[in-house]
Amino acid sequence: MKELAAKYSAKDVEDKWYAYWLAHKFFHSEPNEKQPYTIVIPPPNVTGILHMGHVLNNTLNDVLIRKARMDGKNACWVPGTDHASIATESKVVAKLKAQGIRKEDIGREEFLKHAWEWKEEHGGIILQQLKKLGCSCDWDRTRFTMEPALSDAVINTFVYFYKKGWIYKGVRMVNWDPEALTAVSDDEVIHKDTKSHFYHLKYFISDGNGNPTDKYLVIATTRPETIMADAAICVNPKDERHFWLKGKKVLIPLINREIPVIEDEYVEMDFGTGCLKVTPAHDVHDYEIGLRHNLPVLEIIDDHGKLNEKAQILVGEDRFVARKKIVKMLEESGNLLKVEDYTSPVGYSERTDAVIEPKLSAQWFLKMESLAATALETVLSGRTNFIPEKYINTYRHWMENARDWCISRQLWWGQRIPAYYLPDGKFVVAATAEEALQEARAINPNIKAEDLKQDEDVLDTWFSSWLWPISVFDPEKPGHPDHQPNKDLAYYYPTNDLVTGPDIIFFWVARMIMAGEEFMGKEPFSNVYFTGIVRDKIGRKMSKTLGNSPNPLDLIDTYGADAVRIGMLLCSSAGNDIFYDEAQIKQGAAFCNKIWNSYRLVKGFQVDAAVAQSPAAKLAIEWFAAKLSDTLALVEDHYSKFRISDALMTIYKLFWDDYCSWYLEAIKPAFGQPVDPETYNKTLEYFEALLKLIHPVMPFITEELWQDLAERKEGETIMYAPTPKAEAFDPAVLENFSLAAEAVNGVRSVRNQKNIAPKEQLHLLIKGSSFPCIPVIEKMAGVNVELVGEFGDAQGVGFMVRTQEMFVKMDGLVNVAEEIEKAQKELEYQQKFLQGVRAKLANENFVAHAPAAVIENERKKEADSLSKIESLEAKLKSLKK
RNA sequence: GGGCGGUUAGCUCAGUUGGUUCAGAGCAUCUGCCUUACAAGCAGAGGGUCACUGGUUCGAAUCCAGUACCGCCCACCA
């Protein structure tokens with residue numbers, strides 16, 4: 001046996017064992033005859049770095065996958081990264097900007113070169129970081145959403161849906177991000193209540209020749225800078241206040257353009273002034289009103305959010321600058337009636353935090369109706385479970401109201417839309433330029449390859465990640481529903497569990513279900529476990545700007561990966577936000593050390609075949625076998641319900657309290673004394689079972705100790721050791737030991753009160769003819785036990801274990817008055833308790849309605865209480881003598 | 001504005017179909033111990049009117065209704 005340090009040092013073991021696992025390809029999985037257990041990683045952004053959210057998510061994933069592996073399943077965890085269109089592109093743009101380069105100047109091809117360089121440089125860092133955490137991903141299967149095969153899959157699915165008639169190009173009002181210069185989907189817009197102003201503006205009625213009369217109407221708007229794009233003023237047809245406006249025309253302030261007054265029920269009579277300025281180009285609802293009334297669409301804000309020449313005034317000004325300036329101008333011109341403070345929801349871009357500009361533009365859409373209906377059914381039917389269930393409601397609401405998905409993005413980093421335009425503006429959709437040319441020739445036989453221009457836009461990132469559970473195994477399958485799944489896909493799909501955050505339930509989870517049903521005819525996973533958001537201990541989100549997000553690698557360096565994993569899991573229950581506190585990681589480190597030191601004790605035992613097994617050891621061995629089986633069942637139950645932190649806490653207590661504090665102390669030989677072989681072997685056996693049980697949570701320390709526990713051959717690992725199985729046991733064994741433990745606690749309590757050192761041997765009298773596990777009590781409490789009929793005149797302190805009277809003999813140390821007071825108090829409590837029980841039993845309604853078992857129990861309480869009262873009274877009598 | 005979830009010890013949370021002495025766990029706190037595996041430890045102790053108000057019931061932390069507060073999702077009444 002090698003010497004073990006007094007403290008566990010994670011640094012000395014973690015890298016060593018990770019390298020060992022890799023060298024032996026323990027993480028690698030190939031289809032075989034065993035039952036598969038599959039997880040696909042929620043692919044982190046390719047240029048991202050590990051944050052606490054990743055730590056939580058991937059720790060959970062790793063616990064599940066390691067558990068499944070030890071349960072005998074063929075476990076496969078597929079890792080990879082996401083190209084993250086907007087996030088990556090904006091990072092590259094920023095980097096180039098710092099060098100004074102604008103992407104427009106260098107062009108698409110050159111820009112993509114830079115982007116790939118960036119990806120090569122930063123891509124995959126996060127995967128290396130996951131290794132530090134101990135994640136047992138099948139690295140041979142690492143995928144990237146923009147690698148050629150997966151990009152082909154994306155293009156093929158686009159073509160597939162286009163041919164199916166579900167993808168269309170349309171001019172729609174989209175959410176325009178003026179900073180990223182791209183449209184974003186509805187889900188990427190975050191509405192925040194924003195303080196602004198409500199400007200009441202006078203629009204003078206025209207005399208018919210474009211000249212103002214002295215009559216006017218008043219509109220209220222939050223966006224005065226858009227008045228130049230007004231196409232009409234709209235009132236509710238039922239609004240009597242505005243009947244006089246019928247058929248009138250009004251003049252837009254400052255520019256005096258004439259616009260009609262129209263009527264539409266959309267206008268709320270009791271909101272604002274009841275007059276709405278209709279600006280079809282810059283408001284979603286106004287656009288719809290414009291369609292109904294055939295109004296012209298005049299766009300005055302450009303892609304960058306600046307006013308263009310069509311605005312006539314304030315040309316070139318940013319929309320927010322223009323707002324301030326135009327208010328002043330309106331005030332000077334006498335059109336500004338009043339300004340109110342107003343708070344209203346404003347849409348912001350999730351990625352850039354820019355205020356979203358509703359903008360009319362040509363975009364590609366995927367019809368959601370059928371996909372959403374199917375995917376809703378997948379969850380409602382329970383083929384895919386959500387943990388916690390509350391997210392089903394959220395999911396249902398979204399699916400029932402899903403709008404067509406805007407899948408085009410005005411970016412370069414991503415899969416380019418496979419639409420090819422002919423010179424006349426017609427287009428064809430095909431997977432390759434060659435196929436496109438053929439199709440184009442069907443329209444116009446004279447078309448040459450160079451006449452075709454491919455669409456400039458790329459596809460939304462989620463349009464590739466929704467294929468992830470399929471494409472990581474067989475990229476040929478999506479887009480080709482007739483294609484026979486390859487061996488991997490046939491074996492690993494559907495995957496089992498998905499662990500992810502609720503923030504991407506629609507972006508990703510819902511859409512993976514759609515793609516799974518569409519291309520495989522089967523749900524992509526059976527369970528979705530939603531984690532919470534990791535917050536700091538006072539509840540703030542982790543963020544770079546707040547600086548409250550620790551670097552996980554520093555934590556791993558300081559405390560070890562096992563400690564970090566424990567720390568995260570301790571405070572995580574499904575669906576609840578996580579309040580991260582470094583104290584929890586310290587607790588994890590303390591647990592590592594506890595395990596380490598218990599091993600030091602066990603390995604330090606001297607074994608001597610000539611030594612007889614002590615009665616206490618025999619009892620403890622019998623008890624721990626039962627305790628272990630009992631706990632194993634509990635742990636399995638927790639895992640089956642995804643109560644991972646409960647499972648961890650259950651094992652934690654089994655190891656620390658039951659094994660270390662009770663079992664080891666009970667079997668531990670006196671200092672310098674050897675232990676008998678049977679006890680030694682059982683102790684090692686239990687220790688090994690505990691290591692296996694906790695291995696999914698703490699992979700490194702368990703491997704280290706397991707390897708040292710016995711002679712191991714190269715290539716052996718705890719990773720594939722089977723999970724310990726519960727065995728049948730006699731519940732009386734547990735009950736008896738816990739009675740003994742209560743007696744021990746009673747004695748210890750007395751020691752504490754009376755300030756008696758643990759070493760000092762005491763006498764414990766137990767009234768009665770028998771009591772279980774007496775040798776354990778003697779060993780653990782440091783007493784000699786004597787069963788007696790009566791305590792007689794002995795001096796000391798008494799206590800009770802349930803209905804059993806006990807008495808610690810102590811000459812001279814007893815304060816009789818104190819003892820009397822204690823007994824008196826206890827007596828009063830018991831009498832009150834008895835009263836309550838008897839009142840219940842005297843209640844005819846209770847006796848008539850309650851189940852027999854409950855009544856029986858009340859009777860037992862009554863009897864127990866009576867017996868306690870009897871002995872307390874006797875005790876008082878003898879004390880008072 | 002609509003929907004969903006929550007409120008239990010100082011903190012983070014359990015509490016399964018209402019019924020065992022059910023009011024719990026971990027951490028934190030307090031007291032005593034450097035006892036020969038471990039002071040990242042050992043032993044002991046204190047701490048809650050289960051948000052509030054009503055109701056159902058023999059019996060409510062648990063079921064129902066209302067109130068208050070917190071959180072999340074959806075939704076651009078300009």
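In the text below, chain A, chain B and the rest are named by the order of the sequence lines, each starting its count at 1. None of the values given here were measured: they were computed from a predicted structure.
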K.L.:
Identify whether any heavy atom of A/Y652 sits under 4.0 Å from a base atom; if not, whether one sits that close to sugar-phosphate; answer base, sugar-phosphate or nothing.
P.N.:
sugar-phosphate

K.L.:
Output the single nucleotide from B/rG5, B/rC42, B/rG26 whose closest atom is nearest the side chain of A/K653.
P.N.:
B/rG26

K.L.:
Scan side-chain atoms only and decide if A/S185 and A/E188 contain a donor-acceptor pair under the 3.5 Å cut-off.
P.N.:
yes

K.L.:
For A/Y391 and A/Y395, I'd like to know if the aromatic rings sit close, meaning centre-to-centre distance below 6.0 Å.
P.N.:
no

K.L.:
With the side chain of A/W656 defined as its heavy atoms from C-beta on, choose the nearest nucleotide among B/rA75, B/rC42, B/rA40.
P.N.:
B/rC42

K.L.:
Aromatic rings A/F530 and A/F386: how do their planes relate, parallel, tilted or perpendicular, breaks at 30° and 60°?
P.N.:
perpendicular

K.L.:
I'd like a table of atom pairs between the protein and nucleotides 54-65 of chain B - only N or O on both sides, under 3.5 Å - with the distance next to each one.
P.N.:
from   : atom 1 : to     : atom 2 : distance (Å)
B/rC58 : O2'    : A/N843 : ND2    : 3.1

K.L.:
So what does A/Q830 hit on the nucleic acid, given a heavy-atom distance under 4.0 Å: a base, only sugar-phosphate, or nothing?
P.N.:
base

K.L.:
Indicate yes or no: does A/E357 engage A/R223 in a salt bridge with an N to O separation below 4.0 Å.
P.N.:
yes

K.L.:
Under 4.0 Å, counting only non-hydrogen atoms across every strand here, what does A/A589 touch: a base, just sugar-phosphate, or nothing?
P.N.:
base

K.L.:
Could you give the CG-to-P distance, from A/D503 to B/rC74, as a whole number of Å?
P.N.:
10 Å

K.L.:
Between A/R319 and A/E225, does at least one N-O distance fall below 4.0 Å, as a salt bridge requires?
P.N.:
no

K.L.:
Is a side-chain donor or acceptor of A/Y266 paired with a backbone partner of A/N236 at a separation under 3.5 angstrom?
P.N.:
no

K.L.:
Does a salt bridge link A/E340 with A/K338, judged by any charged N lying under 4.0 Å from a carboxylate O?
P.N.:
yes

K.L.:
Indicate, with a heavy-atom threshold strictly under 4.0 Å, whether A/G274 touches base, sugar-phosphate, or nothing.
P.N.:
base

K.L.:
Could you work out which one of B/rA40, B/rC76, B/rA37 sits closest to the side chain of A/P345?
P.N.:
B/rC76

K.L.:
Look at A/D658 together with A/K653 and state whether they make a salt bridge at an N to O cut-off of under 4.0 Å.
P.N.:
no

K.L.:
So which of residues 261-270 of chain A are in contact with RNA chain B, with a heavy-atom cut-off of under 4.0 Å?
P.N.:
A/V267, A/E268

K.L.:
Measure CD/A/Q584 against P/B/rC27 and give the value in whole Å, please.
P.N.:
11 Å

K.L.:
What's the CZ-C1' distance between A/F799 and B/rA45, to the nearest Å?
P.N.:
16 Å

K.L.:
Flag as yes if A/F671 stacks onto the base of B/rU36 (centroids under 5.5 Å, planes under 30°), otherwise no.
P.N.:
no

K.L.:
Need one value for A/Y829: base, sugar-phosphate or nothing, where a base atom within 4.0 Å counts as base even if backbone is also close, heavy atoms only.
P.N.:
base

K.L.:
Counting distance only, does the side-chain N/O of A/N843 pair as donor-acceptor with the main-chain N or O of A/F846 below 3.5 Å?
P.N.:
yes

K.L.:
Between the base of B/rA37 and the side chain of A/E665, is there a donor and acceptor pair under 3.5 angstrom?
P.N.:
yes

K.L.:
Treating a pair as Watson-Crick (purine N1 to pyrimidine N3 plus N6-O4 or O6-N4) or G-U wobble (N1-O2 and O6-N3) with both distances under 3.5 Å, list the stems of 3 or more consecutive pairs that involve RNA chain B.
P.N.:
B:1-7 with B:68-74, B:10-13 with B:24-27, B:29-33 with B:41-45, B:51-55 with B:63-67

K.L.:
Counting side-chain heavy atoms from CB outward, which of B/rC13, B/rU36, B/rG26 is closest to A/F579?
P.N.:
B/rC13

K.L.:
If you go through the side-chain atoms of A/K390, does one of them form a donor-acceptor pair with the base of B/rC4 closer than 3.5 Å?
P.N.:
no

K.L.:
Is the shortest side-chain N to carboxylate O distance from A/D864 to A/K868 below 4.0 Å?
P.N.:
no

K.L.:
Heavy-atom count around A/Q761 CD within 6.0 Å, excluding the residue itself: above 12?
P.N.:
yes

K.L.:
So which one's nearest nucleotide on RNA chain B is more toward 5', A/R643 or A/N752?
P.N.:
A/R643

K.L.:
Separation of A/I595 atom CD1 from B/rG41 atom P, in whole Å?
P.N.:
13 Å

K.L.:
Would you call A/E828-A/K825 a salt bridge at under 4.0 Å N-O?
P.N.:
no

K.L.:
When the nearest nucleotide of RNA chain B is assigned to A/A220 and to A/K192 on a heavy-atom basis, which residue is associated with the more 5' position?
P.N.:
A/K192

K.L.:
Side chain of A/N755 only, please: which of B/rU12, B/rC72, B/rG32 is the nearest?
P.N.:
B/rG32

K.L.:
Is it the case that atom CD in A/Q831 sees more than 12 heavy atoms from other parts of the structure closer than 6.0 Å?
P.N.:
yes

K.L.:
By the 4.0 Å heavy-atom rule, please label A/D864 as base, sugar-phosphate, or nothing.
P.N.:
nothing

K.L.:
What is the distance, to the nearest angstrom, from the CZ atom on A/F655 to the C1' atom on B/rC38?
P.N.:
12 Å

K.L.:
Remember a base hit wins even if backbone is also touched, and classify A/R403 as base, sugar-phosphate or nothing at under 4.0 Å, heavy atoms.
P.N.:
sugar-phosphate

K.L.:
Would you mind classifying the nucleic acid contact of A/S598 as base, sugar-phosphate or nothing, using non-hydrogen atoms under 4.0 angstrom?
P.N.:
base

K.L.:
Counting the atoms with a prime plus P, OP1 and OP2 as sugar-phosphate, which does A/N393 contact under 4.0 Å by heavy atoms, base, sugar-phosphate, or nothing?
P.N.:
sugar-phosphate

